[in-house]
Amino acid sequence: QVQLVESGGGLVQAGASLRLSCAASGRTFSNYAMGWFRQASGKEREFVAAISRSGGVTDYADSVKGRFTISRDNAKNTVYLQMSSLKPEDTAVYYCAASIRTAAWRRGDMYDYWGQGTQVTVSS
């Protein structure tokens, strides 16, 4: 089992920045690719970003590319999502997830473990 706990969400104005963190415990963190997803009220969950086990490969949704940066610190068992130039449409609950697989990171069903989520609200 892997337990994931997100933090860092909050209420910010458009244009601001936030950094989300996801702390993992349980099995070896570096064995898992990590992803961030989000779900806005009344909408389906969507992929935001993913990072490989070593951190050498990253992937982003087009809607956040150039504004968000995913990173990880395997020594601290933590994955981060640095969000800049936030827009009201970024408002959602953000979830981190862990996947033992090495591909298809944009698919939520490829992930084995999920955190409880953290709310990000961007006001205009």
Would you say [X] and [Y] make side-chain contact, with heavy atoms under 4.5 Å?
X	Y	result
Ile51	Val79	yes
Val122	Gln13	no
Val48	Leu81	yes
Gln82	Ser17	yes
Arg72	Asn77	no
Arg101	Tyr32	no
Tyr113	Arg27	yes

Hey, could you give me the [atom1]/[atom2] distance between [X] and [Y], rounded to the nearest 0.5 Å?
X	Y	atom1	atom2	answer
Glu6	Ser21	CD	OG	10.0 Å
Glu89	Ser124	CD	OG	10.0 Å
Lys76	Asn74	NZ	CG	12.0 Å
Arg53	Ser99	CZ	OG	8.0 Å

At their closest point, which heavy atom of [X] faces which heavy atom of [Y], and how far apart are they?
X	Y	answer
Ala23	Thr78	CA-OG1, 4.2 Å
Leu86	Leu18	CD1-N, 4.0 Å
Ala24	Phe29	CB-CD1, 3.4 Å
Trp105	Ala50	CB-CB, 3.6 Å
Ala92	Arg38	CB-CB, 3.8 Å
Ser85	Arg67	O-NH1, 3.0 Å

Pair Val64-Met83, side chain to side chain contact (heavy atoms under 4.5 Å, CB included): steps then yes or no: CA-CA 8 Å; Val64 306; Met83 305 185 294; over 6 Å; no

Under 3.5 Å donor-acceptor, Thr28 side chain and Ser30 backbone: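 No, Thr28 side chain to Ser30 backbone: no donor-acceptor pair under 3.5 Å.
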
Any donor-acceptor N/O pair, Gln39 side chain to Val93 backbone, under 3.5 Å: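 Not confirmed, Gln39 side chain does not pair with Val93 backbone.
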
Test log, rule side chain to side chain contact (heavy atoms under 4.5 Å, CB included), inputs Trp114 and Cys96: CA-CA 6 Å; Trp114 292 82; Cys96 71; over 6 Å; no

Between Gln119 and Thr121, a side-chain donor and acceptor under 3.5 Å: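 A pair is found: one side chain offers a donor N or O, the other an acceptor, under 3.5 Å apart.
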
Within 6.0 Å of CZ in Arg106, more than 12 heavy atoms from elsewhere: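 Correct, the count exceeds 12.
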
Pair Asp90-Lys87, salt bridge (charged side-chain N to carboxylate O under 4.0 Å, His left out): steps then yes or no: CA-CA 5 Å; Asp90 294 318; Lys87 305 175 181 180; over 6 Å; no

Joint hydrophobic cluster, Val57 plus Met110, side-chain heavy atoms closer than 4.5 Å: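 They do share one cluster, since a chain of ILVMFWY contacts under 4.5 Å joins Val57 to Met110.
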
Same apolar cluster: Met34 and Ile100, side chain cutoff 4.5 Å: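 Yes: a chain of side-chain contacts under 4.5 Å links Met34 to Ile100.
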
Qualifying ring pair (Phe, Tyr, Trp, His ring centres under 6.0 Å) pairs with a residue from residues 39-96, counting only residues at least two apart or across chains: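 Qualifying pairs, neighbours excluded: Phe37-Phe47.
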
